[in-house]
Amino acid sequence: MSDLQVVATIPAKPEAADAIRGALSTLVEQTRQEDGCLSYELFESASAPHTFVTVERWRDQAALDEHMRSPHLAEAFAAADGALAGDVAIHPLVPVTD
């Protein structure tokens with residue numbers, strides 16, 4: 001079975017962007033320590049200000065599911081409470097070609 005790739009977008013309110021950036025940076029450090037995490041990168045969109053994007057690779061769906069239940073992810077969501085400009089969108093990706 002191949003690994004699972006995921007992209008997530010996190011739109012922050014302009015006045016909360018620094019706080020969200022800090023919370024997400026902490027999340028990245030902790031997530032990279034997870035057994036099933038193959039890669040976890042954080043970006044800020046150049047075309048959509050204050051929108052953060054994670055590009056992730058997981059060993060499998062079970063590893064992603066475990067991450068979604070992790071205390072550090074819950075902490076990041078709690079830190080984002082009231083600071084987001086919209087919904088967090090999580091996109092598991094399916095290859096179109098081999």
Work out which heavy atom in Gln33 is nearest to a heavy atom in Glu29; give both atom names and the distance. CG-O, 3.5 Å
Thr31 side, atom OG1; Leu42 side, atom CG - distance, nearest 0.5 Å: 10.5 Å
Sorted by first residue and then second, give each salt bridge (Lys or Arg N to Asp or Glu O under 4.0 Å) pair with at least one member in residues 64-82; sequence neighbours left out. none
side-chain contact (heavy atoms from CB on, under 4.5 Å) for Val88 and Ile90? Distances and angles first, verdict last. CA-CA 7 Å; Val88 172; Ile90 300 171; 4.1 Å; yes
Non-hydrogen atoms of Val6 and Pro92 that approach each other most closely: CG2-CA, 4.1 Å
For residues 73-98, which residue pairs pass the ring pair (Phe, Tyr, Trp, His ring centres under 6.0 Å) check, not counting sequence neighbours? none
Residue pairs passing the ring pair (Phe, Tyr, Trp, His ring centres under 6.0 Å) test with at least one member in residues 16-49, sequence neighbours excluded, are Tyr40-His67
Of all pairs that satisfy salt bridge (Lys or Arg N to Asp or Glu O under 4.0 Å), the ones with a partner from residues 13-22, not counting sequence neighbours: Asp18-Arg21, Arg21-Glu44
Ile10 and Met68: same hydrophobic cluster, using ILVMFWY side-chain contacts below 4.5 Å? yes
Hey, could you give me each pair passing salt bridge (Lys or Arg N to Asp or Glu O under 4.0 Å) that has a residue in residues 82-95? Not counting sequence neighbours. none
Which residues share a side-chain hydrogen bond (donor to acceptor under 3.5 Å, both in side chains) with Thr54, sequence neighbours left out: Glu56
Sequence neighbours excluded, which residues qualify as side-chain contact (heavy atoms from CB on, under 4.5 Å) partners of Ala63? Trp58, Arg59, Asp60
By side-chain contact (heavy atoms from CB on, under 4.5 Å) - contacts of Ala83 (at least two apart): Ala16, Ile20
Distance (rounded to the nearest 0.5 Å) between Thr9 OG1 and Phe52 CZ: 12.0 Å
Distance from Leu38 atom CG to Leu4 atom CG, nearest 0.5 Å? 9.5 Å
With Glu41 via salt bridge (Lys or Arg N to Asp or Glu O under 4.0 Å) - residues at least two apart: Arg32
Among all residues two or more places apart in sequence or in another chain, which pass the side-chain contact (heavy atoms from CB on, under 4.5 Å) test with Val7? Val53, Leu93
Set of residues satisfying side-chain hydrogen bond (donor to acceptor under 3.5 Å, both in side chains) with respect to Ser70, sequence neighbours excluded: His72
Sorted by chain and residue number, the side-chain contact (heavy atoms from CB on, under 4.5 Å) partners of Ala48 (sequence neighbours excluded) come out as Ser45, Thr51
